[in-house]
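Notes follow the structure.
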Amino acid sequence: MKIRPILAAALSLLLYGTAAACTNFIVTRGASTDGSILVSYAADSHALYGALYHTPAGRHKAGAMLPVYCWDEGNLLTEIPQVPRTYSTVGNMNEHSLIIAETTFGGRPELEDKTGRIDYGSLIYITLQRARTAREAIRTIVELANTHGYASSGESFSIADRDEAWIMELIGKGFADDGRGGNARKGIVWVARRIPDGCVSAHANQARITTFPTDDPENCLYAPDVVSFAREQGYFDGADADFSFADAYAPLDFGALRGCEARVWAFFRTVADGMERYEDYAMGHNPRNRMPLWVEPREKVAPKTLFDCMRDHYEGTKMDMTKDLGAGGHACPYRWRPMYFEVDGVEYCNERATATQQTGFWFVAQARPQLPADMGILWFGVDDAATSCLTPIYCSTTEVPECFREGNGSMLEYSPTSAFWLFNRTTNFAYMRYDLIAADIRKVVDAWENARLAEVEEQNALADASPKARRKALARYSTAKAQELFDRWQRLNGYLLVKYVDGNLKSEHADVLSFLDRDGSHRHWVENGNGKQIPGKIQFPGYNEAWKRAVAKDNGEVLKVVK
């Protein structure tokens, strides 16, 4: 399982980089239960701090300049001319319900342009400030990258508005000196495909657009030189009709299949029939058995279903991360990096599932065509999706809740009022006894998300209010619910520590939801009957059977009890 050099740079980003190892799922209007378009995103990184970005709308004077900072590294790349008017954005959504998310596929490393001045993160957030629709966003991304030079490696974008959902894939052209110190090949090659209504799609750090129609501008857009440039570089020599963007610019290898395409397969198999036939592809054993770019779900997908698809660890498959010895004695579905290891000259891999411990933030964005554009919802959360919670943030909000605010803590500074640090504190405790603690957390997650999904339906009545009054009310609601979630998680954090401290398990009169919903928490726990708040009926769960057998096999002669 040696990694071919062509994807070494991309896989290095996947394993060690900042916001490079991400996952996007896309549900079109006709495929969702409520007629909305849904886009999910996990910004997975070992260095990314989970915060909610906000840029207010603005009007700008002629000659105004916009500084461009690299999203991953924070360094100033350039300044570009500002446009006369920009839109309000919150996270990866703007006030018109335009959504942009991404995953990095890397691709051919020689196509990176070190002289480029617009990175992939800047493409997202600048475009959200300047475009109202998905098609406008595609044009804006192309214009920015071609004008200022593209500073990142290969990238897949999910781009959606209230009517359409697209996948756009792009990569730079490398560097060729123009004789004046500039790049004669500045810009990108790219292709964008509209996902058919009624279908779902996904991408996860691997280019997925293969062949595409060249005569259907309603459903497919592309760079005029996307094929000819590949020919010039020696990446392709067939007929135009056989040209595959992914094969030319990001050829598959084992890492791309097992670490990336497998996540797409996990989503597809959850919502669509017939996906078991692609299991060998997802496992990296048969790259010829390629999955389609989109599939039709067996039934319409509810928002909560998509929330939960972001929590997948390959449960119920051969790659189930809770089943093998690596899961330890408490079925922990995480493997600490690096992903690859060698034993006696044989190379092995750990799985890279959709839910992962190093998530900075994640969301499910919901564009709702039946309501005003400013009523789109960014369901936002921080840290590991499997043990964290989404809360509704309306796309027109002009306030950022304190617990999600940029500057409230960082990856190098703990803050007691930061949701990112609170959720991490809770989840890292859960990793110790995952089968027990994560089950308690999940009860709280499901209760919260289901209650908020019902609640936002009640908020739809605001559609008849004036835009100013509606936006004020939606911002107030978004902020209040974020703070309510933070307060609830503080209480949950204390509950879990009391219940599971030192590897013990305290008995209780009711479950975690009862504890969180009532006062007098000391009456929640089973006492020893003496009225001194001393626990009674303490349990010692021990380890699961698979772990006990593994330990006995490894060191049984030493540990054996002699009669």
Side-chain angles (χ1 to χ4, degrees), residues 50 304 307-308 311 322 329-333 355 357 379-392 401-404 414-455 477 479-544:
K304 176 59 172 163
F307 295 1
D308 292 340
R311 299 181 164 112
T322 68
H330 293 285
C332 183
Q357 70 274 16
W379 295 89
F380 185 78
V382 289
D383 193 35
D384 182 350
T387 45
S388 65
C389 213
L390 293 174
T391 193
E402 171 67 14
C403 60
F404 293 140
Y414 176 82
S415 168
T417 59
S418 159
F420 178 80
W421 282 119
L422 174 60
F423 276 85
N424 267 281
R425 193 171 66 204
T426 306
T427 298
N428 275 266
F429 183 60
Y431 294 152
M432 296 170 59
R433 308 197 77 165
Y434 194 86
D435 53 347
L436 301 173
I437 301 176
D440 277 337
I441 294 174
R442 185 58 185 269
K443 291 175 186 176
V444 183
V445 167
D446 289 342
W448 173 269
E449 290 177 350
N450 287 327
R452 301 293 80 74
L453 284 162
E455 216 168 61
Y477 171 83
T479 300
K481 289 303 163 183
Q483 185 60 48
E484 184 181 330
L485 175 61
F486 182 86
D487 294 342
R488 193 168 183 80
W489 230 255
Q490 286 273 38
R491 193 160 166 78
L492 172 64
N493 189 264
Y495 163 89
L496 294 172
L497 182 60
V498 171
K499 183 174 180 178
Y500 294 103
V501 66
D502 295 334
N504 300 326
L505 174 59
K506 290 185 177 67
S507 296
E508 51 195 328
H509 294 296
D511 69 7
V512 58
L513 296 176
S514 172
F515 177 92
L516 297 178
D517 291 338
R518 70 173 188 162
D519 295 327
S521 61
H522 64 278
R523 293 188 296 272
H524 176 86
W525 306 105
V526 174
E527 298 182 11
N528 70 354
N530 293 321
K532 302 293 185 181
Q533 295 192 40
I534 298 173
K537 298 183 180 179
I538 295 176
Q539 303 168 54
F540 308 105
Y543 298 89
N544 60 36

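Along the sequence shown, residues are numbered consecutively beginning with 1.
In this structure, Phe486 and Phe404 have side chains that are not in contact, with every pair of non-hydrogen atoms separated by 4.5 Å or more. Contact of the Leu390 side chain with the Trp448 side chain is not registered, since no non-hydrogen atoms from C-beta on lie closer than 4.5 Å. Within the 4.5 Å cutoff, no side-chain heavy atoms of Arg452 are placed close to those of Leu485. Between Thr387 and Phe423, the closest side-chain pair of non-hydrogen atoms is not below 4.5 Å. Proximity of Tyr500 to Asp440: side-chain heavy atoms (C-beta onward) are separated by under 4.5 Å at one or more points. Side chains of Asn504 and Gln539 form no contact here, defined as non-hydrogen atoms less than 4.5 Å apart. Residues Arg488 and Val444 form a side-chain contact, since some pair of their non-hydrogen atoms from C-beta on lies under 4.5 Å apart.
We find the NZ-OG distance between Lys499 and Ser507 to be 9.0 Å, quoted to the nearest 0.5 Å. Of the inter-residue distances, the one linking Glu484 atom CD with Thr479 atom OG1 reads 12.5 Å to the nearest 0.5 angstrom. Put simply, CG on Leu496 and OG1 on Thr426 are 6.5 Å apart, with the number rounded to the nearest 0.5 Å. Going from atom OG1 of Thr417 over to atom CD of Glu402 covers 5.0 Å, rounded to the nearest 0.5 Å. For the atom pair CG (Leu492) and CG (Leu497), the distance works out to 11.0 Å, reported to the nearest 0.5 Å. Between Glu455 atom CD and Asn450 atom CG the span is 12.0 Å, to the nearest 0.5 Å.
By the 6.0 Å and 45° rule, Arg491 does not stack over the aromatic ring of Trp489.
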Check step by step if side chain to side chain contact (heavy atoms under 4.5 Å, CB included) holds for Ile538 and Phe540. CA-CA 7 Å; Ile538 295 176; Phe540 308 105; 3.9 Å; yes
What's the verdict on side chain to side chain contact (heavy atoms under 4.5 Å, CB included) for Val526 and His509, showing C-alpha distance, side-chain angles and the deciding distance? CA-CA 6 Å; Val526 174; His509 294 296; 3.8 Å; yes
Let me see the working for Lys506 and Val501 under side chain to side chain contact (heavy atoms under 4.5 Å, CB included), right down to the final yes or no. CA-CA 9 Å; Lys506 290 185 177 67; Val501 66; 3.4 Å; yes
Could you walk me through whether Lys304 and Glu449 pass the side chain to side chain contact (heavy atoms under 4.5 Å, CB included) test, one step at a time? CA-CA 8 Å; Lys304 176 59 172 163; Glu449 290 177 350; 2.6 Å; yes
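Nearest approach of Asp435 to Ala331, heavy atoms of both residues: CB-CB, 4.3 Å. In terms of heavy atoms, Ala482 sits closest to Thr391 at N-OG1, 4.0 Å. The two residues Cys332 and Tyr434 make their nearest non-hydrogen contact at CA-CB, 3.8 Å. Across all non-hydrogen atoms, the minimal contact from Val382 to Gly50 is CG1-O, 3.8 Å. Here the shortest heavy-atom pairing between Gly503 and Pro541 reads O-CD, 4.1 Å. Ala430 and Ile441 make their closest contact through CB-CD1, 3.8 Å (heavy atoms, listed as atom of the first residue, atom of the second, distance).
Tyr495 and Glu508 form a side-chain donor-acceptor contact under 3.5 Å, judged by distance and modelled atom types alone. No side-chain N or O of Lys481 forms a donor-acceptor pair with one of Tyr477 less than 3.5 Å apart.
The neighbour count for Tyr543 OH, taken as heavy atoms of other residues, nucleotides or ligands under 6.0 Å away, does not exceed 12.
Salt bridge absent: Arg311 and Asp384 never bring a charged side-chain N and a carboxylate O closer than 4.0 Å. Salt-bridge annotation for Asp383 and Arg425: absent, with no side-chain N of the basic residue lying under 4.0 Å from a carboxylate O of the acidic one.
Aromatic ring centres of His524 and Phe515: separated by under 6.0 Å.
Note on ring orientation: taking the six-membered ring where Trp is involved, the planes of Phe307 and Trp379 are tilted (angle from 30° to 60°).
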